[in-house]
There are 2 protein chains.
Amino acid sequence: MTTRWLTPQEQRAWRAYLAATHLLEDAIDRQLQQDAGMPHLFYSVLANLSDAPDRRLRMTDLAETLKITRSRLTYAVTRLERDGLVRREDCRWDKRSSIAVLTDEGTAVLERAAPGHVETVRATLFDRLSPEQVGQLEEICTGIARGLQGGGTEPGAEDVPWRRRASCSSTESSPPVQPRRSP
Amino acid sequence: MTTRWLTPQEQRAWRAYLAATHLLEDAIDRQLQQDAGMPHLFYSVLANLSDAPDRRLRMTDLAETLKITRSRLTYAVTRLERDGLVRREDCRWDKRSSIAVLTDEGTAVLERAAPGHVETVRATLFDRLSPEQVGQLEEICTGIARGLQGGGTEPGAEDVPWRRRASCSSTESSPPVQPRRSP
DNA sequence: GGCTCTTGGTTCAAGTTTGAAACAAACCTA
DNA sequence: TAGGTTTGTTTCAAACTTGAACCAAGAGCC
């Protein structure tokens, strides 16, 4: 079957997408690194925990909502634990699982870092989008994510290399960006 | 000044954005790694070179269009050079510069990898977007990128941590995704 | 020419990510 | 309930990224 190459407009969109995501990711990482001494992913770990009931989450669930590999999360949590921002606890029901818990210090650090982070997200992204564009972005991204989620519904796509073979947890959760109920 | 927190809709959009970009990047990296034995960035280096006049580009210019640091590019080109896909040449006019040149083997590898890559980009992104959404995506991303480009035009933003202090080359170029004139 | 500043590129160490094991606990199922 | 599979997590080495430091060459100035 002959390749369906990208149309000129698709190419433009794709290039713009690559540039924008690169720049945005860089900007956010840089800001957080400077102001909070941690990369974006680590901040996201804290933020997600802060939003979870009782500030605790099973490692796998956390990895799932963050869309990262378990191994990557292990690394992040290990580092955050060393810094005292997160603590690991054993799960009572399932002895295989371990639970990451946000410590008080972690909460404090998060709340100190959140304003700068949110400000950056605003300045780099939302301040440049019209309200309609925010809606468009949400819809576009939701669609993409749904397509790449474990449980794709389209026919005949069992083992293509771009689909994660990880288990798909059916429960949808909502990762936060800012601390739960900031003061 | 009190923080302007994200509105519920902005939060939804931001979460969707993070999920989508993570999943998409993962999917593309995985496909390219499996089928071409290289991460996305390396492929992009080849693709950009293939589209440049005479298949050669100054390191700095390449880094600029790819939106990556010079050091990161150095690493990538070193690896690609070891594999024989790219060659370095000295610049005749400016003895500081070095030029990355796509070799014949590099061209061959790129042309072999391109169909699968484009197919993945289609399957994961464009097949899920309506024509209007492609336009919207382009516009949104172009805006974001423009804002983060070195030469921002807004007032009073000289040294915020999220702005790159790298020099901004004024000449705009257009990075390709697929090889120049694929066979 | 000599000085200083900027630009182009690499190097290096420390940090992060990847993917393939390894392990242990839970879950079948015959 | 023994054996086999699945699930939750970590470990490890290799690959990649980051940012600061370095070096060399161009540019501007006296």
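In what follows, every chain begins at residue 1, and chains take the letters A, B, ... in the order their sequences are listed.
Membership of the apolar cluster around A:Val101 extends to A:Ile99, as traced through chained side-chain contacts below 4.5 Å between ILVMFWY residues.
No donor-acceptor contact under 3.5 Å links the side chain of B:Thr60 to the base of C:dG8.
Checking the phosphate oxygens (OP1, OP2) of C:dT10, no side-chain nitrogen or oxygen of B:Arg70 falls inside 4.0 Å.
With sequence neighbours excluded, the residues satisfying side chain to side chain contact (heavy atoms under 4.5 Å, CB included) with B:Glu25 are B:Asp29, B:His40. B:Tyr17 pairs by the ring-ring contact (aromatic ring centres under 6.0 Å, His included) definition with B:Trp14, not counting sequence neighbours. Looking at residues two or more places apart in sequence or on another chain, you find no salt bridge (Lys or Arg N to Asp or Glu O under 4.0 Å) involving B:Glu139. Partners of B:Arg96 under the salt bridge (Lys or Arg N to Asp or Glu O under 4.0 Å) rule, at least two apart in sequence or in another chain, are B:Asp94. Here A:Arg122 pairs with A:Asp127, B:Glu10 under the salt bridge (Lys or Arg N to Asp or Glu O under 4.0 Å) rule; sequence neighbours left out.
Side-chain contact between A:Leu102 and A:Arg87 is absent, with no heavy-atom pair separated by less than 4.5 Å.
Among residues at least two apart or in separate chains, there is no salt bridge (Lys or Arg N to Asp or Glu O under 4.0 Å) pair with a member in residues 97-110 of chain A.
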Detail all sub-3.5 Å separations between protein N/O atoms and N/O atoms belonging to nucleotides 13-16 of chain D.
unit_1, atom_1, unit_2, atom_2, d
D:dC16, OP1, B:Arg79, NH2, 3.0
D:dC16, OP2, B:Tyr75, OH, 3.3
D:dC16, OP2, B:Arg79, NE, 3.4

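Looking at residues 87-98 of chain A, you'll see A:Arg88, A:Arg96, A:Ser97, A:Ser98 sit with a heavy atom under 4.0 Å from some atom of DNA chain D.
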